[in-house]
Participant: 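One structure, as structure tokens, below. Some questions next.
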Amino acid sequence: MINKQTSIYSILIALLLLGFLAFQIPNLQFDYELENFFPTDDPDLTYYEKFTETFSYDNDYLLLGFEATNGIFDSTFLSQIDSGLTLTEKLPSSMQVYSPTSLKYLAKTPMGFIPIPLLHISSPSKLSRDSSKLYFHPLYREMFVSKSGKSMKAIVVHERFATKEEADEYVHQIQEIFKYYAPRVRIAGKAVAQTAFVDAVKNDFATYILIALVLIFLWLIVFMRQIVLILTSLFISGLSVVATIGLMALADKKIDVLSSLIPTILLVVSMSNIVHLFSHIRQEYLKTHKLDIALNLAIRQVGVATCLTSFTTAIGFLTLITINVEPIIDLGLYAAGGIILALIITYLLYPSIVALINPKIKETSKSKTFFSPLEKLYNTVNKKSSLILTISTGLFVVSLYGLSKLEIDAYLVNDLPEDDIVKSDFIFFDKEYSGSKPFTLSLWTKTANHPIYSQKIIKELDKIEQVVKEHTQAGDLISPVSMVKIANQNLHRASPSYYKLPETTKQWQKAFHHIQKTHMEERSTKVSTKSLAQITGYFQDLGSKDATLKHAELMKALDNQINHEIIGYRLTGTTLLIDKSHELLSKNLIKGLGIAICIVGIIAGLLFKSWRIVVITLIPNLFPIIIVAAIMGYFSIPLNLSTSVIFAISFGIVVDDTIHFLSQFKYEYRNGKNKEAATKAAILKTGRPILMTTIILSSGFLVFCFSSFSAVYYMGLFVCISFLTALLADLYLLPVLILKWLPHHKK
């Protein structure tokens, strides 16, 4: 019972709860580690984590590209690059720098092994000869010189950064160095990609949430008219966001790229609850002109429905826990928890505050100007139900075909704006070099008689390298094979023509001895232990779909061509894990949505005690999902980790209006009205709040369509499409299904 006394108690309880949660917000931390998007509890992840204990992570590097105006073998150009890279190598976070300006051969001479620079950058007479050797070297030409011959690459291996801020500082230091030595340096790597993604999301959401608030405020002026009610509504929505963020801080949940969506989601969902509640308060107040009676009647009529809609919305988000990616699981859990918190806060505070301020609630428009279109809508539904069913069926069939064209695919930097510098740099390395994504193949010997550095194993590894190049187009491949070839080259006066495997048993023995004696792997890349090895390199960002196919072709070719008695192999690395996350996406998403649909169906069945109502509830709410998926299929917009959240948001929210409509229908139907009259009453009484909540929800997400970050753009676009589709389904298809399928009252 809402009165002044209970209102004060409700406000005090809510303030205590909110004060406790708000007090946790200063403890909130941020985490933008892209490795969190690896599939959880996956054997490939377990293997990779163990693998890194020996060989470290495969994505702790930066590729630096330097474009020359007077040719890449100009001594001034090379000297500037070398000076900048020398300073880069001295940075505390730098581990190794590989560049043609600093690499040296160990050439065998009568005086022993003498280090000879790959390029004599300070001696123009020698530089011309060196450039020819480099240009025709099988490994270094591919690794350091672009396909067009107009730029040169360096590889910087750095330590693993604990925070995004550390990575940002390191990249900034490198950029500052090369402002002096090379005004335009292209940079690719995890550290810059991570920052680009995070900054794009943070900037967009900070801007667009403010715009969404302004739009919601303007629509509330149209709907509520009174500034005190509008401010109360915004205040309670804001408290719902604060409470949820406080809950995340209390649970030590760090904000990541996806969880930054939660404030916007809660803002529009909580506002939807308030709009439905206020609409019923106004209806009852205009009948009784007594606020306390109106408040209690409204809560009684719409309270159960709002509880159910909040529960079904939470279920929609909880489907995300079936996707075995930690940030997506957390988005589902905390969005669901926030929705329940928003419900509690709304019903604790909104009626209580309204009771205390005692506003004079007025009708915002005459019945003729608003209810007349709703009456016409009912007449259309009643007279043209067959046509509506025919159009809906045709649309469903067309959508199913589009749904069949939907594919899973994802590119590393495709979501970034077209003019983004980071995106152009990654594309540059994909076009001009072997690529920017790490490739890692783990290998191990199966017998103690054949260690990695044995003639039989190295020949088998060489065969594997050729298969890798053929089926993945990966380049810059470094492995024990590379070490043997470099050793053989060093033993023949560093001649590039001897960058090949030894030909005689004696040459093999000398090469193995040279590798051990000079500690070759310690001075360059660690690629082996006694029985374990890796082949590392880079390859182009082909998209997760093509990359998965190429990896499958690679493994099939290796299975057919490699001697399995002496060597084993396995793909590993960060690229494989991210691609696998996308591969597992569709199966888990379908499973999660299936569970959500079943739960919503059970709720509808328990509420209305009719299997027909279960079908009637589900059909209008499947339409938005199918239509969004069909549009994505027709326009070749792939399903990936970014776009997958669209379906959970859509299904969780669009079912709300259906439940509000059916709850009103049930109320009218059980109070003696026949099926037609109850349907008409449901349209007239819920039509306005359904329309207003759709406008508010769409306004909240529509602003994201102006984002140049495609992940944000698609979320805004398709969520809005699902809301508008759900509106049409609820106002046209749902009443038709009720009129056609529900039986009349039993006499």
Side-chain angles (χ1 to χ4, degrees), residues 2-4 6-26 28 205-206 208-249 262-282 285 291-292 294-295 298-299 302-303 306 309-310 313 335 337-362 364 689 692-693 695-697 699-700 703:
I2 300 295
N3 53 46
K4 286 189 176 182
T6 58
S7 297
I8 292 171
Y9 287 146
S10 295
I11 292 172
L12 287 175
I13 292 170
L15 290 178
L16 285 173
L17 171 66
L18 292 170
F20 172 73
L21 292 174
F23 185 73
Q24 309 299 320
I25 291 179
L28 192 67
F205 278 94
Y208 294 139
I209 284 176
L210 291 175
I211 299 174
L213 280 170
V214 172
L215 289 175
I216 291 172
F217 179 79
L218 293 175
W219 282 116
L220 289 178
I221 290 175
V222 174
F223 186 56
M224 294 182 179
R225 292 293 177 92
Q226 291 174 282
I227 210 69
V228 66
L229 291 174
I230 294 169
L231 293 177
T232 299
S233 302
L234 291 173
F235 174 68
I236 290 173
S237 288
L239 288 179
S240 300
V241 174
V242 170
T244 305
I245 294 175
L247 180 65
M248 294 169 67
I262 291 176
T264 306
I265 293 167
L266 292 180
L267 187 67
V268 296
V269 171
S270 62
M271 192 59 67
S272 174
N273 292 340
I274 293 169
V275 166
H276 278 287
L277 180 57
F278 173 77
S279 180
H280 281 75
I281 292 171
R282 179 166 56 194
Y285 182 80
L291 186 60
D292 56 342
L295 287 169
I299 292 172
V302 80
T306 305
T309 57
S310 296
T313 302
I339 287 163
I340 301 303
L341 267 178
L343 172 69
I344 296 170
I345 291 168
T346 298
Y347 276 83
L348 272 177
L349 285 180
Y350 191 79
S352 301
I353 294 175
V354 170
L356 290 176
I357 62 177
N358 194 22
K360 299 298 181 184
I361 300 174
K362 299 178 181 179
T364 57
M692 285 307 303
T693 54
I695 290 173
I696 289 172
L697 289 168
S699 298
V703 293

Participant: Using every non-hydrogen atom in the two residues, find where W219 and S699 come nearest and quote the distance to one decimal.
Facilitator: NE1-OG, 3.1 Å
Participant: Which heavy atom in L295 sits nearest to a heavy atom in A355, and how many Å separate them?
Facilitator: CD1-CB, 3.7 Å
Participant: Could you verify whether a donor N or O on one side chain and an acceptor N or O on the other, from S272 and T693, lie under 3.5 Å apart?
Facilitator: no
Participant: Only counting residues at least two apart or in another chain, list the ones meeting side chain to side chain contact (heavy atoms under 4.5 Å, CB included) with L343.
Facilitator: T306, C307, S310, Y347
Participant: Among residues at least two apart in sequence or on other chains, which ones pass side chain to side chain contact (heavy atoms under 4.5 Å, CB included) with S233?
Facilitator: L220, M224, M271, I274, Y350
Participant: If you measure from CD1 on I236 to CG on N273, what distance do you get to the nearest 0.5 Å?
Facilitator: 11.0 Å
Participant: Of all heavy-atom pairs between A294 and I281, which one has the smallest distance, and what is that distance?
Facilitator: CB-O, 3.7 Å
Participant: How long is the straight-line distance from CG of L266 back to CG of L239, given to the nearest 0.5 Å?
Facilitator: 12.0 Å
Participant: Within this structure, what is the CD1-CD1 distance for the pair I216 and I221, rounded to the nearest 0.5 Å?
Facilitator: 12.5 Å
Participant: Given side-chain contact (heavy atoms from CB on, under 4.5 Å), test I227 with F217 step by step and report yes or no.
Facilitator: CA-CA 10 Å; I227 210 69; F217 179 79; 3.7 Å; yes
Participant: Might you point out which heavy atoms bring T232 and V228 nearest each other, and give the distance in Å?
Facilitator: OG1-O, 2.7 Å
Participant: To the closest 0.5 Å, what do you measure between CG (L218) and CD1 (I696)?
Facilitator: 11.0 Å
Participant: Looking only at heavy atoms, which two atoms of S270 and S237 are closest? And how far apart?
Facilitator: OG-OG, 3.0 Å
Participant: Please report the closest heavy-atom contact between I245 and P263, naming both atoms and the distance.
Facilitator: CD1-CG, 4.4 Å
Participant: Is the shortest side-chain heavy-atom distance between I299 and P351 below 4.5 Å?
Facilitator: yes
Participant: What distance do I339 atom CD1 and T313 atom OG1 have between them, rounded to the nearest 0.5 Å?
Facilitator: 5.5 Å
Participant: Hey, what do you get for CD1 (I345) to CD1 (I340), rounding to the nearest 0.5 Å?
Facilitator: 11.5 Å
